[in-house]
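First the structure, in the form of structure tokens, and then the observations on it.
Computed from heavy atoms alone, side chains included, the values below leave out hydrogens, waters and symmetry copies.
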Amino acid sequence: MMHKYLLDTNIISDLVRNPQGTIAEHIAAVGERSVCTNIIVASELRYGALKSGSKRLTDQVGYILSAMEVLPLEQPIEHHYALIRHQLTTSGTPIGPNDLIIAAHALERKLTLVTANIREFSRVPSLPIENWLNR
């Protein structure tokens, strides 16, 4: 079974800005078929592009998302969401609602989350994380 990586918003945003940069190098190293994102990240990216008012940025986001598997949210993600939210709320270290869904999805699908937001996501117990922007 191929190891898969779920790319977070800040990672794909860097790929949009630097199509031949560090993220593209990592994707080439692990193989295009081993990376994906999810509908939450895709929604955040499309919102950011729309908000910017840049047709070029909107087109670039659309191109990258069309070339990458975008996973839908499906059961049993809600079990992971509930457990993570309960653990983090109880410990007084909650994370943002979208990040909570992204983390639950990565755990449920047994994916490594690739993000530059290590501080927030490292609060999630047992979540495998890599930062491809760190050299």
In residues 79-87, what donor-acceptor pairs under 3.5 Å come from side-chain atoms, sequence neighbours left out?
{"residue": "Y81", "atom": "OH", "partner": "R85", "partner atom": "NH1", "Å": "3.0"}

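- The shortest distance between side-chain heavy atoms of I27 and L15 falls below 4.5 Å.
- Between V35 and W132 there is a side-chain heavy-atom pair separated by less than 4.5 Å.
- In this structure, the side chains of P19 and Q60 come closer than 4.5 Å at one or more pairs of heavy atoms.
- Judged by distance alone, the side chain of N38 and the main-chain N or O of I40 form a donor-acceptor pair under 3.5 Å.
- A salt bridge links D14 with R17: at least one charged nitrogen is closer than 4.0 Å to a carboxylate oxygen.
- Evaluation of the side chain to side chain contact (heavy atoms under 4.5 Å, CB included) rule for T93 yields L88, S91, R123 as partners, not counting sequence neighbours.
- Contact annotation: the side chain of L6 never approaches that of T115 to less than 4.5 Å [non-hydrogen atoms, C-beta and beyond].
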Checklist entry - Do H26 and I11 pass the side chain to side chain contact (heavy atoms under 4.5 Å, CB included) test, and can you show the C-alpha distance, the side-chain angles, and the key distance before you say yes or no? => result CA-CA 11 Å; H26 275 279; I11 297 299; over 6 Å; no
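- No donor-acceptor distance shorter than 3.5 angstrom exists from the side chain of T22 to the backbone of L133, with no hydrogens or angles considered.
- Contact check for L113 versus V124: no side-chain heavy atoms found under the 4.5 Å cut-off.
- D99 is linked by a salt bridge (Lys or Arg N to Asp or Glu O under 4.0 Å) to nothing, counting only residues two or more places apart in sequence or in another chain.
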